[in-house]
Amino acid sequence: MKLIVAYIQPHKLNDVKEELYKAKVFKLSVTNALGAGQQKGYHEVYRGVDIEVNLLKKVRLEIAVNDEFAETTIEAILRGAETGKIGDGKIFVVPLDEVIRIRTGETGNQAIG
């Protein structure tokens, strides 16, 4: 079992969801996030004051999958999120030791579904 965590551009969320659905991956969690990477932010002037904005808006996806769906899920995220420009995001793949479905008490692969 794997936990796939992806940080993507907010405007690419619908494209990523579409690609995931095509790949038969329907269960995911989405959270708004702020982050800094190679983009290093930007400067803007607000009411005459120069402000450095170095934490940019991102969307965090968390998807728990069985091992046989990991590569398919990663490829779907890549297809949906890629623009070819700096700031497209990152994908982290973390092994899951245990998963428990609270409602039924199922564990492991059956709990992920």
### Query
Should T72 and V65 be marked as a side chain to side chain contact (heavy atoms under 4.5 Å, CB included) after you check the CA-CA gap, both sets of side-chain angles, and the distance that decides it?
CA-CA 10 Å; T72 305; V65 295; over 6 Å; no
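- Of the inter-residue distances, the one linking I112 atom CD1 with I100 atom CD1 reads 11.5 Å to the nearest 0.5 angstrom.
- Formation of a donor-acceptor pair under 3.5 Å by the N66 side chain with backbone atoms of M1 is not found in this model.
- Hydrophobic clustering, with ILVMFWY side chains joined whenever heavy atoms are under 4.5 angstrom apart, keeps L28 apart from V5.
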### Message
Evaluate V59 against N32 for side chain to side chain contact (heavy atoms under 4.5 Å, CB included), listing each step before the verdict.
### Response
CA-CA 5 Å; V59 172; N32 288 319; 4.2 Å; yes
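- When all heavy atoms are compared, the tightest approach of K57 to Q9 is O-OE1, 4.5 Å.
- Between the CD1 atom of I4 and the CZ atom of F92 there is a distance of 13.0 Å, given to the nearest 0.5 Å.
- A donor-acceptor pair under 3.5 Å links the side-chain atoms of E98 to the main chain of G108, judged by distance alone.
- In this structure, the side chain of E18 does not engage the main chain of G80 through any donor-acceptor pair within 3.5 Å.
- Taking the side chain as every heavy atom from C-beta outward, I63 and I77 approach each other to under 4.5 Å.
- Using a 4.5 Å heavy-atom cutoff, the side chains of I8 and K58 are not in contact.
- Hydrophobic clustering of Ile, Leu, Val, Met, Phe, Trp and Tyr side chains at less than 4.5 Å, counting indirect connections, keeps L3 apart from L61.
- No continuous path of ILVMFWY side-chain contacts below 4.5 Å connects F69 to V94, so the two sit in separate hydrophobic clusters.
- Open room surrounds CD on E82; 12 or fewer heavy atoms of other groups in view lie less than 6.0 Å from it.
- The distance from atom OG1 of T104 to atom CD of E106, rounded to the nearest 0.5 Å, is 3.5 Å.
- In the hydrophobic clustering of ILVMFWY residues, with side-chain heavy atoms under 4.5 Å counting as a link, I74 and L96 come out apart.
- The cluster map of Ile, Leu, Val, Met, Phe, Trp and Tyr, joined by side-chain heavy atoms under 4.5 Å apart, puts V93 and V30 in the same cluster.
- The CD1 atom of I91 lies 10.0 Å from the CD atom of E75; values are rounded to the nearest 0.5 Å.
- Summarising the geometry, atom CZ belonging to R60 is positioned 13.0 Å from atom CG belonging to L34; distances are rounded to the nearest 0.5 Å.
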